**Student:** 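Just dropping this structure here.
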Amino acid sequence: MKPPRLLLLAALAGLSGLPGVGAAQSLLLTGAEVSGRGSYAYLGHIAALGDRPLGAGWVVRHWVDRVTYDYRSGAREIDAEALGYAPAVGYLSGGETLSHGLYGGVRLAHTTLSPDDPGNGNRGWRARPFVQADGVWRMRPGVEQQFVASWELGSGEYYLRDRLAVRIGEDLALGPEIVLKGGRNYDGWQFGVVLSKARIAADVGLNLKLGAAGQHGESTAAYIGLELVTILGR
């Protein structure tokens, strides 16, 4: 069976078999980003465990994604594609000024390299634990800072993102974002702006982002992305 089909079956089994899915409160997160340096697309679901509302206790998270990037190995340019499924358990808490969460789980992924690079530790199948932390700091009315940090044990892959959102209308916000990401085979960065609309439909929010992406030893390229956040069961 091909890797994409196996990962899809694993994700569907997780979504149907773990507690929390179908809970009264949950979030559906989808998004995609593309640049001359690669691409990233994801589908995620976060649901409360137990009777507490989402954001005030334990949660279960499911995440399916696809990552593409390129890197140099000697004189060769390697194109990489990674398909992954990452179930996790987390704890969310916070108040009016600060909200934060911490997750731990295992990422099951398959990486294809063209041309093949036997020296790449991510080549083929892998299952590795990971941790992630995120938070929102409401610095003042209409201004908030949004932070995400994740790290995969065993590969050293990391992702750091910091955003500043400043309200410019009743349900619009605008601000910069900076991203640092990479691993053993590459290190990259992004800098851009994000336009957020709190509601484009009932319980659906939208982020549009645009900026420049770079990678060590490579030229800078533009990136563009879209993110949707849907509240389910409210």
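Please read all numbers here as calculations on a predicted model, not as lab measurements. For this chain, numbers begin at 1 and follow the sequence in order.
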**Student:** Is there a donor-acceptor pair closer than 3.5 Å between any side-chain N or O of Thr111 and the backbone N or O of Gly124?
**Tutor:** no

**Student:** To the nearest 0.5 Å, what is the distance between OG1 on Thr230 and CG on Leu29?
**Tutor:** 8.0 Å

**Student:** Would you say Val106 and Tyr85 make side-chain contact, with heavy atoms under 4.5 Å?
**Tutor:** no

**Student:** Please step through side chain to side chain contact (heavy atoms under 4.5 Å, CB included) for the pair Leu27 and Leu232, ending with a clear verdict.
**Tutor:** CA-CA 6 Å; Leu27 291 178; Leu232 303 175; over 6 Å; no

**Student:** Starting from Leu210 and following side-chain heavy-atom contacts under 4.5 Å between hydrophobic residues (I, L, V, M, F, W, Y), which residues can be reached?
**Tutor:** Val34, Ile224

**Student:** Taking the side chain as C-beta and beyond, is there a heavy-atom pair between His100 and Leu102 under 4.5 Å?
**Tutor:** no

**Student:** Measuring from atom OG of Ser150 to atom NZ of Lys181, what distance do you get when rounded to the nearest 0.5 angstrom?
**Tutor:** 11.0 Å

**Student:** Measuring from Gln145:CD to Leu98:CG, what's the distance to the nearest 0.5 Å?
**Tutor:** 10.5 Å

**Student:** Please determine, by modelled atom types, if Asn207 and Ser196 share a side-chain donor-acceptor pair under 3.5 angstrom.
**Tutor:** yes

**Student:** So, do Ile78 and Pro115 sit near enough that their side-chain heavy atoms are less than 4.5 Å apart?
**Tutor:** yes

**Student:** Give a yes or no on this: more than 12 heavy atoms of other residues, nucleotides or ligands lie within 6.0 Å of atom CH2 of Trp137.
**Tutor:** no

**Student:** Tell me yes or no: between the side chains of Ser155 and Arg126, is some donor less than 3.5 Å from an acceptor?
**Tutor:** no

**Student:** To the nearest 0.5 Å, how far apart are CG in Leu43 and CG in Leu228?
**Tutor:** 11.0 Å

**Student:** Would you say Trp151 ends up clustered with Leu160 if hydrophobic residues are merged whenever their side chains have heavy atoms under 4.5 Å apart, either directly or through other cluster members?
**Tutor:** yes

**Student:** Show, in sequence, the C-alpha distance, side-chain angles and deciding distance for Lys209 and Gln190, and conclude whether the side-chain hydrogen bond (donor to acceptor under 3.5 Å, both in side chains) test is met.
**Tutor:** CA-CA 11 Å; Lys209 51 185 182 176; Gln190 294 175 201; over 6 Å; no

**Student:** Using a strict threshold of under 4.0 Å (side-chain N to carboxylate O), is an ion pair present between Glu170 and Lys197?
**Tutor:** no

**Student:** Restricting to non-hydrogen atoms, name the atom on Asp70 and the atom on Gly36 that form the minimum distance, rounded to 0.1 Å.
**Tutor:** OD2-O, 4.2 Å

**Student:** Nearest 0.5 angstrom please: Tyr42 OH to Glu33 CD, how far?
**Tutor:** 9.0 Å

**Student:** Do Leu54 and Ile46 have side chains that approach each other closer than 4.5 Å (heavy atoms only, starting at C-beta)?
**Tutor:** yes

**Student:** Out of curiosity, Leu164 CG to Met139 CE, how far, rounded to the nearest 0.5 Å?
**Tutor:** 6.0 Å

**Student:** Please give me the minimum heavy-atom distance between Thr220 and Ala212, naming the atom from each residue.
**Tutor:** CG2-CB, 3.8 Å

**Student:** Can you tell whether the side chains of Arg123 and Asp116 come within less than 4.0 Å, N to carboxylate O?
**Tutor:** yes

**Student:** Relative to Tyr40, does Arg66 satisfy both conditions: NZ or CZ under 6.0 angstrom from the six-membered ring centre, and within 45 degrees of the ring's axis?
**Tutor:** no

**Student:** Quick check: closest heavy atoms across Ser35 and Ala222, and the distance to 0.1 Å?
**Tutor:** CB-O, 3.1 Å

**Student:** Heavy atoms, side chains only, cut-off 4.5 Å: are Arg128 and Leu153 in contact?
**Tutor:** no

**Student:** What verdict does the side chain to side chain contact (heavy atoms under 4.5 Å, CB included) test give for Arg76 and Asp117, after you've listed the backbone C-alpha separation in whole Å, the side-chain angles of each residue and the deciding distance to 0.1 Å?
**Tutor:** CA-CA 9 Å; Arg76 299 188 303 166; Asp117 181 12; 3.9 Å; yes

**Student:** Report the C-alpha distance between Asp162 and Gln146 in whole Å, list the side-chain angles of each, state the deciding distance to 0.1 Å, and finish with yes or no for side-chain hydrogen bond (donor to acceptor under 3.5 Å, both in side chains).
**Tutor:** CA-CA 6 Å; Asp162 194 20; Gln146 306 163 358; over 6 Å; no

**Student:** Would you please classify the geometry between the His110 ring and the Trp125 ring as parallel, tilted or perpendicular, with 30° and 60° separating the classes?
**Tutor:** perpendicular

**Student:** Of all residues at least two apart in sequence or in a different chain, which pass the side chain to side chain contact (heavy atoms under 4.5 Å, CB included) check with Arg140?
**Tutor:** Val143

**Student:** Compare every heavy atom of Ala80 with every heavy atom of Leu113, then report the nearest pair and how far apart it is.
**Tutor:** CD2-CB, 3.6 Å

**Student:** Over 60° means perpendicular and under 30° means parallel, so classify the ring planes of Trp58 and Tyr91, tilted if in between.
**Tutor:** perpendicular

**Student:** State yes or no: do Leu208 and Ile200 share one hydrophobic cluster built from I, L, V, M, F, W and Y residues joined by side-chain heavy-atom distances below 4.5 Å, directly or via other members?
**Tutor:** yes

**Student:** Is Ser26 close to His45 at the side-chain level, that is, under 4.5 Å between some pair of heavy atoms?
**Tutor:** yes

**Student:** Go through the steps to decide whether Val179 and Tyr223 satisfy the test side chain to side chain contact (heavy atoms under 4.5 Å, CB included), and finish with yes or no.
**Tutor:** CA-CA 12 Å; Val179 176; Tyr223 75 89; 5.6 Å; no

**Student:** If you measure from the Lys or Arg side-chain nitrogens to the Asp or Glu carboxylate oxygens, is any gap between Arg107 and Asp65 under 4.0 Å?
**Tutor:** yes

**Student:** For Arg138 versus Gly95, what's the shortest heavy-atom pair and its separation?
**Tutor:** NH1-O, 3.3 Å

**Student:** Which residues satisfy the ring pair (Phe, Tyr, Trp, His ring centres under 6.0 Å) test with Phe147, sequence neighbours excluded?
**Tutor:** none

**Student:** Checking side chain to side chain contact (heavy atoms under 4.5 Å, CB included) for the pair Asp134/Tyr103: CA distance, chi angles, key distance, verdict?
**Tutor:** CA-CA 9 Å; Asp134 54 44; Tyr103 301 88; 3.4 Å; yes

**Student:** What about Ile231 and Trp63, same hydrophobic cluster or not, with Ile/Leu/Val/Met/Phe/Trp/Tyr joined at side-chain heavy-atom distances under 4.5 Å?
**Tutor:** yes

**Student:** Quick one: are Leu174 and Val166 in side-chain contact, heavy atoms under 4.5 Å?
**Tutor:** no

**Student:** Provide the closest heavy-atom pair for Gln215 versus Trp189 in the form atom of the first, atom of the second, distance.
**Tutor:** N-NE1, 4.1 Å

